[in-house]
Protein chains: 2
Amino acid sequence: MENISENIRTQMRKGLLEYCILRILSNEEAYASSIIEALKGAKMIVVEGTLYPLLIRLKNQQLLSYRWEESTQGPPRKYYMITDKGREQLAEMDAAWNELVESINHLKK
Amino acid sequence: MENISENIRTQMRKGLLEYCILRILSNEEAYASSIIEALKGAKMIVVEGTLYPLLIRLKNQQLLSYRWEESTQGPPRKYYMITDKGREQLAEMDAAWNELVESINHLKK
DNA sequence: TTCAATACCTTGTATCACAAAGTACAAAAA
DNA sequence: TTTTTGTACTTTGTGATACAAGGTATTGAA
C-alpha cells in the first residue's frame, strides 16, 4: 500500500464500478478495452484484471449479454450489451447513488 | 446475500465510511453510539461490528485520538476526536469524493 | 516461422463491511 | 448481597471487491 491517496480513491470506488459499467453500456455496446477507455475518460482508472471478472459476474447475473465480433486487427472481441434486467438494476443503482450523494451532503452540513 | 438492493448500497458505501466518520468528528467529539446516530441521520446505517474496528483503525493511523469519559448511566465512554493529521486526510478525502462525483456525472452524460 | 500486438482470462492477496458472537462495567431490582 | 438489565466496547469468521502479476489464444506482419 504505497500511495495512501490512491488507496482512498480505490476504496471509494468499490461497489461503484458495476454501476459505471452499466452506465457505459446503457448507451452503447462495448468490449473490454473500449470500456476501460471510457472509464479512463471519466478518471475511473481500472485494470484488466479487475474488469474481466466483473464483466463475467454481470453476465452471470444476466445484467449483461455479449456477442463475438471479428476485429480488423487482432483476435475477435466480446462486445457486451446491457439487458432489460440490467436496465432495471441500473435504475436501482441510480437511486442508490443519489441517496449516497445526499447522505454525504447531509454529513457536510 | 438475500437482498440485492441492500448489497448494492453496502458495496457503494465501501471506503466512504472512514470519510463519514472524519466528517462527523470534524465538528464535534463523539463516542461510538453517537456516531452511529449521526450516521443514521444521514441514512448511512452502520452496525457496531463495523464501526469499532474502523475507529481503532483510524486511531492507529493517528487520524483520531480519544479520551475516556465517565457516563451518568453505564460504563465510561470513549470519546473520539479528530487530529491534525486527520484533518489533512479529511481534506484529501473531500477532494477524492468530489472527483468521484464528477466521474459519475461524466458517465451519466 | 517467428514475433509483436491485441484480447481474453486466472490466481493470490489485501481491504472492507457485516453478522454474530463475547467481555466489561454500572445502576436498578430482587 | 446477588441478580438482572442496560450500555459500551471488542473480537472472530465470512463474503465481496479491486488489484497486481501473471498466463493463454488469435491475428497479421516481418
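Numbered from 1 within each chain, the chains take letters A, B, ... in sequence-line order. Since we're looking at a predicted model, the values are computed, not measured.
In this structure, Trp68(A) atom CH2 and dA7(C) atom C1' are separated by 8 Å, rounded to whole Å. Remark: C1' of dT6(C) and CD1 of Ile35(A) are 16 Å apart, rounded to the nearest angstrom. Rounded to whole Å, atom P of dT14(D) lies 18 Å from atom CD of Gln11(B).
Along DNA chain D, the nucleotide closest to Gly15(A) and the one closest to Gln73(B) are compared, and the more 5′ of them pairs with Gln73(B).
The two residues Ala42(B) and Ser103(A) make their nearest non-hydrogen contact at O-OG, 2.6 Å.
Look at Arg77(A) and you won't find any side-chain N or O under 4.0 angstrom from OP1 or OP2 of dT27(D).
Using a 4.0 Å cutoff on non-hydrogen atoms, the parts of residues 43-54 of chain B near DNA chain D are Glu48(B), Gly49(B), Tyr52(B), Pro53(B), ordered by number.
The base of dT15(C) sits with one of its N or O atoms less than 3.5 Å from a complementary donor or acceptor on the side chain of Lys14(A).
Taking the side chain of Glu18(A) as heavy atoms from C-beta on, and the options dT17(D), dT10(C), dA8(D), the nearest nucleotide is dT17(D). Comparing dT15(C), dA7(C), dA8(D) by their nearest atom to the side chain of Tyr31(B) picks out dA8(D).
At a threshold of 4.0 angstrom between heavy atoms, the contacts of Ser33(B) are confined to the sugar-phosphate backbone, with no base atom among them.
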Evaluate the side-chain contact (heavy atoms from CB on, under 4.5 Å) criterion for residues Val101(A) and Trp97(B): first the C-alpha distance (whole Å), next the side-chain angles of each, then the deciding distance (0.1 Å), finally the verdict.
-> CA-CA 10 Å; Val101(A) 172; Trp97(B) 169 250; 4.2 Å; yes

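Relative to the ring axis of Tyr66(A), Lys78(A) places its NZ or CZ within 45° and under 6.0 Å from the centre.
No side-chain heavy atom of Lys59(B) sits less than 4.5 Å from a side-chain heavy atom of Arg57(B).
Distance check, rounded to the nearest 0.5 Å: CE of Met12(A) to CD of Glu18(B) gives 9.0 Å.
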